[in-house]
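Read through the structure below, which is laid out as structure tokens, and then see the notes.
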Amino acid sequence: MKGDAMNSDAMNGDARLENIAKRLGNGAAARLDVEATARKVVARLREQPVRRVTWVQASWLRIAAALVIVVGGAVAVRQTFVRDSSVHTAHLVADDLNDLSADELRDVLATFDQIISSDSVAVPEGSTDLHELDAQQLRAVLRSLEG
Amino acid sequence: MAHPHMVPAVPPHDAALIRAWQGGDEQAAAELVGRHARPLARFLAGAGAPEADVDDLVQETFIRAFRSVDRFRGQCQFRTWLLTIGGNVLKDFGRRAARRKVLPLDEGVRDWAGDPHEHAEASEAEALLAAGLLQLPRLQREVFLLRAQQGLEYEEIAAALATTPGAARVHYHHAVRRLKEIVK
């Protein structure tokens, strides 16, 4: 009984609130001169027509800016990688093997890996993997490649 | 195949008027203003627009709506879409007013309860409700007005405010709970 009464009170409260809300702003709406408002709106629209062309131009500008960023970024990334690899190759070709570290020597060997048959390379005895060689042994392997 | 309960989101007549306006028919724009101006004025006044500015705010709302009508996809009724634009117009108005320091309260919207002369015709309960609405977050205030004042369904409100019906329902109940404490 008590619960029902509370529910009933709550529903009455909601209904009362909605009734008040329905009246809210009625005075302002009633005083609005709708015809005059419509005339003013139409006049303003006539004075300042919808600028669809401007919108289209703005959209194209955004698309163009996005394309410039994407293409520019791709070119920059590509140039960075190309420059790194070409510099690295030139360095290897130009310098004496004695100046190269073990990692650099392994890089050089890797480039030859596909064109060299296993029987033409003088791999030191007991070694089966180039990664196990030290710098001196790697230099010996490269010199054997030079013939 | 169409869903048996599905109804067109835009009443055919509004949709026809919108198409006519897009084709350059000014009379169609005037007809749309005539049809929706008063509900929009009620909504704006309920949301805290000073009565002296309601006409200007109604005009501005229609101008914005007509200029961006290409973006209206019929996700809700034209009137509901218009009311949400009205909410944005009122928010911008409040910001401008706050910068000019004409309107001192939250979001620059005036305290109705503190201005009894201009709203002398309003009942005490209406004045309390109006003052209470200004204390609510904007979303709660708009959901409450769309539901209680404009009589819209949660699905319609959710479509207009880009939220879910469940979220709209929660906002409404929060608003009601707080407003009841103020109005009782």
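Reminder, nothing fancy here: chain letters follow the sequence lines and each chain counts from 1.
- Between A/V42 and B/V33, every side-chain heavy-atom pair lies at or beyond the 4.5 Å cut-off.
- Look at A/K40 and B/E60 and you find no salt bridge, because none of the NZ, NE, NH1 or NH2 atoms lies under 4.0 Å from a carboxylate O.
- Across A/V34 and B/G34, no two heavy atoms sit closer than the pair CG1-CA, 3.4 Å.
- The number of heavy-atom neighbours closer than 6.0 Å to CD of A/E35, taken from other residues, nucleotides and ligands shown, is 12 or below.
- Residues B/E26 and A/L45 form no side-chain contact, since every pair of their non-hydrogen atoms from C-beta on lies 4.5 Å or further apart.
- Between B/Q59 and A/V41, the shortest heavy-atom distance links the atoms CA-CG2, 3.8 Å.
- Across all non-hydrogen atoms, the minimal contact from A/A28 to B/A45 is CB-CB, 3.8 Å.
- There is a path of hydrophobic side-chain contacts, each under 4.5 Å, that joins B/L129 to B/L139.
- In this structure, the side chains of A/D14 and B/K180 come closer than 4.5 Å at one or more pairs of heavy atoms.
- In this structure, B/Q150 and A/K22 have side chains that are not in contact, with every pair of non-hydrogen atoms separated by 4.5 Å or more.
- For B/F43, no part lies under 4.5 angstrom from a heavy atom of chain A.
- Of all heavy-atom pairs between B/A30 and A/A38, the closest is O-CB, 3.9 Å.
- Summarising the geometry, atom CG belonging to A/L24 is positioned 6.0 Å from atom CG belonging to B/L133; distances are rounded to the nearest 0.5 Å.
- Using a cutoff of 4.0 Å between basic side-chain nitrogens and carboxylate oxygens, B/D55 and A/R31 are not scored as salt-bridged.
- Here the CZ-CD distance, from B/F144 to A/E18, works out to 7.0 Å after rounding to the nearest 0.5 Å.
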Worksheet entry | Verdict with reasoning, B/R38 to A/L32, per side chain to side chain contact (heavy atoms under 4.5 Å, CB included) | CA-CA 7 Å; B/R38 286 196 201 283; A/L32 187 74; 4.2 Å; yes
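- The hydrophobic clustering, which links ILVMFWY residues whose side-chain heavy atoms are closer than 4.5 Å, places B/L146 and B/V170 apart.
- Nearest approach of A/A21 to B/Q149, heavy atoms of both residues: O-CG, 3.3 Å.
- Contact count against chain A (heavy-atom pairs under 4.5 Å) is highest for B/V176 among B/V176, B/V54, B/L145, B/L32.
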